[in-house]
Each structure stands twice: as structure tokens, then as C-alpha cells.
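First comes the structure, then the notes that go with it.
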Amino acid sequence: MQQHLRSRNWFGRSGKDGFIYRAWMKNQGIPADMFEGKPVIGICNTWSELTPCNAHFRDLAEAVKKGVLEAGGFPVEFPVMSLGETLIKPTAMLYRNLVSMDVEESIRANPIDGVVLLCGCDKTTPSLVMGACSVNIPTLVISGGPMLKGHWKGKDIGTSDVWRFDVAHKLGQINSEEFIEAEACMARTQGHCAVMGTASTMAVMVEALGLSLPNNASIPAADARRKVLSQLSGRRIVEMVKEDLTLSKILTRKAFENAIMVNAAIGGSTNFVIHLLAIAGRIGIDLNIDDFDKYSQKIPLLANIQPSGENYMEDLYYAGGLPALINEMKSIIHHDVITVNGKSMGDNCKNAEVYNRSIIGTMQQPFKPESGIVVVKGNLAPNGAVIKPSAASPALLKHTGKAVVFENIEDYHTRIDDPDLEIDATSIMVLKNVGPKGYPGMAEVGNMALPKKLLEQGITDMVRISDGRMSGTGFGTVVLHVSPEAATGGTFALIQNGDIISLDAYKRTLHVEIAEEELAKRKADWKQNEKVHTRGYVHLYQTHVEQAHLGADIDFLKGGSGSEVARDSH
Ligand code: FES
């Protein structure tokens, strides 16, 4: 076994180099026998007090270490940049690719034979998985788990209520004291957002891809079984190293198809599209935006979880968890794909039972017939845009209206509540320059709040279109990820107030009526008004980030460089 361990290139050395590699580890109180051919397991930790969703990860890391030691491995914990969705400005997505570089280089550069990724808040999952894919050693993911649901004034609440509270506060239905009181009532335990937002969607994604032990997605962060899962994961990664069960053996094309189908059944976040495309790009699987529509079709909503349904992630766990939901999909899912525990997806799920039919439906009796991701294309978005029908108003999925255009997010904030703004419930709100290059970083502002004057009329949804993203906890008839984005000067950049836009999600179309000559004139007059950064990471990002339909990765980060170290002397 020893010759297969890459860590032996450090700790198995004789002479000065071996002395240095071991001696400076021994200053941490590590006995000599820990260096004797044991698999070295890296624990890649995104713990940070600035990432509140991951603030309990030191405890999880200790549980992983116990498991690694029990199985005869040597655990080493290391930090990487952590992305907390709530605090990082201008948007955590700007740094997803930066973190993936941190993770990739940290794994490759160090004596690590296998790695456990501790992921939680939204971007901490794709960034870590992307980086690990570019190295491709045995890898296992543990998610931090969802918060327990909140309670306020006798009602269960979660992150999707933030948008509702905001509207109620604007309309004077709740006062400022009540608004602040609700904060602590909602986020009352450790863990990530309790609904099927992006973090939960990412936790489901890694389980559906086969990258985590069963039930990783839904065990609450505060539940003792989250620590048990972590300890068992620690044991298992040591075995994975011995089996040389690398990421590329798990992340096959079929595994990606499974993930798309499961995402449809859970009503997962639209951010899933952009992250899964980026992960596929790193591991070398040919996946494109149309696959999301293709493999989502005919899959109904099976999980009755907010924002597409009514309940919370902990309810999913009590109802049987993701294995039980996947078992309901047994007629369509790929059973034979291998997962991190060495068993197939089919074997992992075949005995999982549903305990509560109000939380997990059947293919014959789902909660909604339409789910998944719909990809619309047309002259407004030649490379595609996405919409999540389960979170939209069915009546608006086919709609024609006049554009009310905001050139950027500041323009939106300045004018949205202007009483003189010409807008009504049939208008289509258009927000430009919030895409990957334009913002830069593709902000989560696509579900623009409606104008106060329309909220006061009782309007709750309108068609909204942007080149940005939407929080996975958000909802509404929101068309996102328009590609090419406005900052590249495509048709989307040229839309003006009053243009007639037609959305038909059933026919997968998105068109704007502008005569060819008029379009050519606007194109000739178009100028890039958004800031172009000339230094630092943001310059690198803005220069090299790809469009949303490709996953918004940095162009030169696609693919991988393996686990070989370029130069091998100290
Ligand atoms: Fe971290 Fe929602 S803010 S998961």
C-alpha cells in the first residue's frame, strides 16, 4: 500500500528533506508512528465566524478526526478562504473561483492522500468541490447541515420569509421592532438556511452525485447524528484512499444526470445550474445548459420544502431523508453509479422508506407537476436563461409585456419606488449589468422586489429578467442568468423601456421585438458604462470569467492538473 500514498513523497523520505517534513509536524505533538505509512487525510475546513452557517465546523472537524484515527489514518486539518453569503460584499459568487484555486493548490501542494471537504453556506460547496476535482484524489464531502426551523409568533419561519417580512415591513404590516425580533427567531441554531435554498440544494447535489454518505443533505446541524455522520465519513475516507476511489470514478456523466433529476424533484435553487456546470468543467464531463432542461423534464416536485413548497429541511430528514426521496425516483434514476461508500446509488437508497407523505410525494402524486429548471432561449438570450417553474406563478410563465429597464442595480434602487415610475402589473422588469463581468460576480438580485405602489395594490408577482442570479430562498416568475450578459454588449444590453418582451416557458422562448435596423443602431451606439477593474483578483476575474451558460468559471481553471507536484525538492 505504501507506494501508492502520495504523502510518502514527504513523510517517507530519508535524509534532510524527510527530516524537515517530519520534524516540523512533530512540533504539534505528533508521535513518530503517525508517519509510518498511514493515509494522510486532509480536512479542508471553511470554518469562520464570518461565515455563520459554518461556525460549528470545528466540532465537525473533531468528529472527522476521530473517525480517521479509528480507521488508521492520520488527520490534518487545514483552512481555506470561507465564503459567508450574508456578509461578503459585493457578492460571495465573485470569490467562488478564487476559493477553488485556494483549495486546488492547498491539496496538491501538501502531503494529502485523501480529503474531506467541510462545506455549508452556499458557495463553500461548489468552490471546494471544483478545486478538489482539479486535483482528483479520493474526496468525500460533509455538509454542515441545515438550521432547525425558526418560530415567530406561533408560526414556523425560515429564510424565504425574509422576503415576505421585507414586503410586510414596507407596507407597514409589521413594525421595526417586530422586524428585528424576527431575526433571532429565524436564525436560532447553528447550520445553514433551513429551506431548500442554495446551501441545501448544494448539500442535496453532493449526495445525489454520490460524493457524501447517505443522509448528508438533511440531517440538521444541531442533531447529534450530524457528528456521527462526520465520524463515519472520517472512517470511510481512509478506506477510499486504500481503494483509490478518486473523484473521477464517482463523477461520471450518469452521476451528473442523477443530480439534475434529483434537483428537479426537490425544487432546488437555480444556482445549481451554474455550480454543476462549473464542477463538470473541472472533472471533464461534457455537460451543457440544455441538459438541465432535458433531464428535468417530466420530473415533478416530490419534496414539499420551501420555497417551492411549505416545509423545512429538517422535515425532509424526519420524513426519510434524501435516500427515501431518491427511492421514489427509482424508475428513472441511474442505480449503478458508485458513491463514496463504495456502494451504488441504488443500493444506498433501495430500503429507504418515506415516513410522511405530506413531505415526500410520489411520482404519481407529487406536490406540483412542474419542477426543475426550464431553459429559455431567443434573441434576448441566444445562449439561454433559466427559470424555476415551481417557484413561479403559473399564469406568468407565458406572458408578453412592456419592458421597464434598470441599467444597473443602483438605477433600480433609485427609481423602483418613484411614484412616477411607469409600471403596472403587466410590465416586465429588466435588470442589466448584474452578470459575471458586469457586476462583477453575478449578484443575487434577480428577484427584484416589486414597486411599493404595486405591492399596495396587492400585486405579488411580475415577470422579472436579469443577467444575475437569485437566492435559492427566493421565489417568483424570475428569469435569470441571461447569456450573453449585458456587459458584453449583446441584445440584452440593448433593451430599452417600452420594448415588447415575450416569455413562453412552455415553448422555452424569450424574445424581444426590436426591428433589425433599430437593433443595429442601438448596437452602434452602445457603450460599456460599468466599471472595468484594472488590478487585483477582480481584474483577473473580470478578464477571464466565462458566461453563465458555461458555469461562470475562470476560463483557464477548467479541467485539472492532477495531484502531481511540478517540482519535487525542498
Ligand atoms: Fe448561509 Fe443561507 S446564508 S446558507
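Numbers here simply count residues along the sequence, with the first being 1. Atoms within each ligand, like the ligands themselves, are counted from 1 in listed order.
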Evaluation steps, side chain to side chain donor-acceptor pair (under 3.5 Å), between Glu444 and Asn271: CA-CA 9 Å; Glu444 276 190 341; Asn271 284 315; 2.9 Å; yes
From CA spacing to verdict: side chain to side chain donor-acceptor pair (under 3.5 Å), Asn447, Arg469: CA-CA 8 Å; Asn447 59 326; Arg469 298 176 301 119; over 6 Å; no
Criterion side-chain contact (heavy atoms from CB on, under 4.5 Å) on Ser218 and Met313, from CA distance to verdict: CA-CA 6 Å; Ser218 62; Met313 288 302 288; 4.2 Å; yes
Intermediate values then yes/no, side chain to side chain donor-acceptor pair (under 3.5 Å), Glu77 and Asn45: CA-CA 7 Å; Glu77 185 182 347; Asn45 202 340; 2.8 Å; yes
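Distances from atom 2 (Fe) of ligand 1 show that His192 has no N/O/S atom below 2.8 Å. Put simply, Cys53 gets within reach of atom 1 (Fe) of ligand 1, with an N, O or S atom under 2.8 Å from it.
Considering only non-hydrogen protein atoms, atom 2 (Fe) of ligand 1 sits nearest to Cys193 SG, 2.1 Å.
Counting atoms of ligand 1 from 1 in the listed order, those under 4.0 Å from a heavy atom of Glu85 are 3 (S). Short contacts between ligand 1 and Thr86, defined as distances under 4.0 Å to a heavy atom of the residue, involve ligand atoms 3 (S). Close approach of ligand 1 to Ala199 (heavy-atom distance below 4.0 Å) involves ligand atoms 4 (S).
Proximity of the aromatic rings of Phe272 and Phe292 is defined here by a centroid distance below 6.0 angstrom, and this criterion is met.
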